[in-house]
Amino acid sequence: RKEVEQDPGPFNVPEGATVAFNCTYSNSASQSFFWYRQDCRKEPKLLMSVYSSGNEDGRFTAQLNRASQYISLLIRDSKLSDSATYLCVVRLYGGSQGNLIFGKGTKLSVKP
Amino acid sequence: EPEVTQTPSHQVTQMGQEVILRCVPISNHLYFYWYRQILGQKVEFLVSFYNNEISEKSEIFDDQFSVERPDGSNFTLKIRSTKLEDSAMYFCASITTPGPIGNEQFFGPGTRLTVL
């Protein structure tokens with residue numbers, strides 16, 4: 001079973017649309033959760049950490065359900081500049097030195 | 001804003017050759033990582049490094065790979081005898097401390113390694 005699974009995408013949406021990405025993780029020892037953004041052939045960049053109570057940063061809202069081992073990202077009012085691949089990422093503890101485990105990513109394309 | 005830097009941006013090598021990929025982590029960071037991403041695939045952890053020794057390594061990080069922090073600033077990844085399947089983007093990352101809070105790992109821009 002894959003450690004971090006995401007919607008395969010691609011998601012093609014018009015500007016202004018709301019889009020939601022889902023992610024599940026298999027290891028219950030996962031302790032930290034993130035959404036990273038990766039532009040084509042670039043490095044991953046942190047979009048936001050995901051906290052148990054859920055958190056919002058402008059147009060972006062992240063949710064975590066530990067019982068279901070499920071993470072989500074909601075993007076409201078999509079912009080052309082939101083076009084990228086969104087990576088669901090978890091980090092373990094308990095012996096691990098904090099290396100990140102990445103999902104394969106979901107590609108988002110926002111069209112005018 | 002401090003950033004992780006990597007050189008070269010693109011390395012082309014012949015199969016069987018040794019390559020050294022270089023990284024300069026952010027200066028006050030204590031933990032360093034190498035990841036790789038084969039084209040079209042997910043980012044994969046290779047190795048973590050702390051206090052001048054390997055903390056953890058994945059099954060990808062076999063005897064052909066080694067890491068070193070030769071001075072106070074550089075962090076290198078060496079591949080002794082490259083294979084075609086080593087072709088990938090290699091990302092260096094650093095963090096102050098992993099901690100329980102969810103500190104951000106900062107990634108360098110990557111080195112694209114092409115093995116011919």
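Within every chain, numbering begins at 1; the chains are lettered A, B, ... in the order of the sequence lines, protein sequences first and strands thereafter.
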Rounded at 0.5 Å granularity, tell me how far CD in A/Glu3 sits from NZ in B/Lys42. 6.0 Å
May I ask you to check whether over 12 heavy atoms, not counting those of B/Lys83, lie within 6.0 Å of atom NZ? yes
Could you look at B/Phe107 and say if it's the side chain, the backbone, both or neither that has a heavy atom under 4.5 Å from chain A? both
Does the side chain of A/Gln38 pick up a donor-acceptor pair with the side chain of B/Gln37 at under 3.5 Å? yes
For B/Leu39, is it the side chain, the backbone, both or neither that has a heavy atom under 4.5 Å from a heavy atom of chain A? side chain
Mark yes when over 12 heavy atoms from residues, nucleotides or ligands other than B/Asn28 sit less than 6.0 Å from its CG; otherwise mark no. yes
I need the A/Tyr36 OH to B/Glu104 CD distance, nearest 0.5 Å. 5.5 Å
Please determine whether residues B/Tyr31 and B/Val47 belong to a single hydrophobic cluster, defined as Ile, Leu, Val, Met, Phe, Trp and Tyr linked transitively by side-chain heavy-atom distances below 4.5 Å. no
Answer yes if B/Phe65 and B/Met15 sit in the same cluster of Ile, Leu, Val, Met, Phe, Trp and Tyr residues linked by side chain heavy atoms under 4.5 Å apart, and no otherwise. yes
Does any heavy atom of chain A fall under 4.5 Å from the side chain of B/Tyr35, the backbone, both, or neither of them? side chain
So for atom CD, which belongs to B/Glu85, do other residues, nucleotides or ligands contribute more than 12 heavy atoms lying within a distance under 6.0 Å? yes
Joint cluster assignment, B/Val19 & B/Phe91, ILVMFWY side-chain distance < 4.5 Å: no
Nearest heavy-atom pair of B/Glu56 and A/Asn99: which atoms, and what distance? OE1-OD1, 3.0 Å
